[in-house]
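Inspection log for the structure reproduced underneath, given as structure tokens.
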Amino acid sequence: MTDAPASRPTLASPYQSWLAGDPEIASLLAAEAERQTTTLQLIASENFTSPAVMAATGSLLTNKYAEGYPGRRYYGGNQVIDEVEDLARDRAKSLFGAEHANVQPHAGAMANLAVYQALVKPGETILAMRLDQGGHLTHGSPASITSKVWRFVSYGLTPASDDPDRPGEIIDFDQVADLAKAERPKLIVAGATAYSRQIPSEPFREIADSVGALFLFDLAHPAGLVAGGAHPSPVPVADVVTFTTHKTLRGPRGGAILCRADLAKAIDSAVFPGLQGGPLEHVVAAKAVAFAEAARPDFRDYATQVVANARALAGALAGEGFRLVSNGTENHLMLLDLRPFDAELTGKEAQEVLDRAGITLNRNTIPDDPRSPFVTSGLRLGTAAQTTAGMGEEEMGRVAGLIGRALRQRGDDDALAAVRAEVGELCGAFPPYPTLAPGAGPAGTDRS
Ligand code: DSN
């Protein structure tokens with residue numbers, strides 16, 4: 001257990017002192033603040049959101065019920081809330097060039113469910129990417145409610161290839177086209193959670209048009225890259241785009257939907273009252289803050305650096321003896337095949353060893369993984385968070401070296417402790433919240 005909060009830095013929350021009456025939670029927040037700032041955050045779906053986003057998330061808007069939409073609420077007293085939500089919708093539309101935005105989904109999963117509910121009748125067919133090839137649970141995994149309500153058909157990746165000029169393990173568009181022709185889906189879904197290449201929208205659009213299907217792009221992971229101009233935008237091409245606000249977009253935890261104006265009513269009704277009750281307006285306010293931050297010129301630099309860092313990290317990890325799924329990365333993440341590094345090492349063990357060394361990431365199945373999803377032969381890593389903290393390509397080389405060392409010496413506690421100490425030193429030079437932590441951070445990292 002950690003010390004009392006009074007002896008801790010207060011970066012755990014802008015309101016840490018208000019938690020004095022709950023020392024248990026205050027202490028846990030302080031411990032998490034320490035973990036986030038002294039260890040490497042390489043989970044591809046995480047980021048360090050700004051103090052302004054945290055302030056809005058922690059605001060008194062959490063007190064307000066606002067079922068409905070601006071101008072059409074079921075409770076009184078929503079004048080301010082309406083302005084907040086209108087601002088969030090307008091900023092989302094402007095950031096992505098969309099005709100309509102719904103900023104109420106509590107999460108990306110809810111956003112996808114709402115789109116299915118709006119556009120596809122129960123039992124009708126949806127074509128999406130298989131979970132074990134990089135898709136998401138809500139793309140029809142047998143474990144997800146989505147597969148119980150709708151009939152899913154899944155596409156996957158091309159076979160692995162050693163040819164650097166023709167990488168394998170990329171979306172198999174021939175398969176997408178063949179399945180679309182054979183199954184006549186109502187909706188085709190693009191998007192993934194563990195796919196390291198850019199996903200073009202045009203081939204999906206063409207295939208959808210050829211069979212009269214609608215086209216949803218699940219932009220959960222690269223939304224920030226699109227906002228920052230580092231990934232092509234699906235917004236002008238797809239009928240609907242869902243995304244999460246907390247990954248590369250660096251906002252609060254939540255989801256959102258963009259769509260054409262003619263689909264707005266169906267999408268809005270599917271979110272509320274179809275799926276959710278009262279929206280989380282404190283989170284909607286924080287989404288508005290994040291959309292404004294992502295529209296600033298420095299966010300373009302950030303998005304470019306995220307991708308450059310991913311490329312540097314991937315190259316350095318290949319040098320350590322890992323195999324990169326699809327031979328590399330074009331976005332913020334990469335998938336490592338551990339088997340060429342060490343045939344005995346599983347993703348589960350690697351994740352646990354790296355946790356002990358202060359390196360946080362997640363195990364992940366690789367395409368056609370012989371091991372179970374709980375064990376896996378792979379790791380997924382992303383650069384969104386440590387890029388926010390100010391790290392660049394040089395640091396990515398160091399990070400790859402630390403990962404290789406920790407995994408090679410995983411039976412040696414002293415060696416792991418030495419890696420942990422170096423990780424602490426590296427993180428100490430790149431504080432994600434220089435204005436909240438004691439002392440000043442390096443130039444250029446102050447986002448307050
Ligand atoms: N859990 C998210 C991720 O890590 O990619 C997807 O929902």
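Note that ligands are numbered from 1 as they come in the structure, with each ligand's atoms numbered from 1 the same way.
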[atom]: the protein heavy-atom neighbour that sits closest, reported with distance to 0.1 Å:
atom                   : value
atom 5 (O) of ligand 1 : His221 NE2, 2.7 Å
atom 2 (C) of ligand 1 : Lys247 CE, 3.9 Å
atom 1 (N) of ligand 1 : Ser45 OG, 4.6 Å
atom 7 (O) of ligand 1 : His136 NE2, 2.9 Å

Inset, instruction - In sequence, state the C-alpha distance, the side-chain angles, and the governing distance for Phe173 and Phe204, and then conclude on ring pair (Phe, Tyr, Trp, His ring centres under 6.0 Å). - result: CA-CA 8 Å; Phe173 281 107; Phe204 282 106; 4.9 Å; yes
Does [X] come within less than 4.0 Å of [Y], counting only side-chain N to carboxylate O?
X      : Y      : value
Asp369 : Arg363 : no
Arg35  : Glu32  : yes
Asp86  : Arg89  : yes

Legend entry - Atom indices of ligand 1 within 4.0 angstrom of Thr193 heavy atoms, with elements: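 Contacts of ligand 1 toward Thr193, numbered from 1: 5 (O), 6 (C).
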Legend entry - Atom indices of ligand 1, in the order listed, that fall short of 4.0 Å to a heavy atom of Arg380: 3 (C), 4 (O), 5 (O)
Legend entry - Gap between atom CE of Met334 and atom CG of Asn327 - 0.5 Å precision: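 Those atoms lie 14.0 Å apart.
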Legend entry - Glu46 to ligand 1, any heavy atom closer than 4.0 Å: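 Not so, Glu46 does not reach ligand 1.
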Legend entry - Side-chain heavy atoms of Ser45 within contact of Ile43, under 4.5 Å: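 A side-chain contact exists here, since the closest heavy-atom pair is under 4.5 Å.
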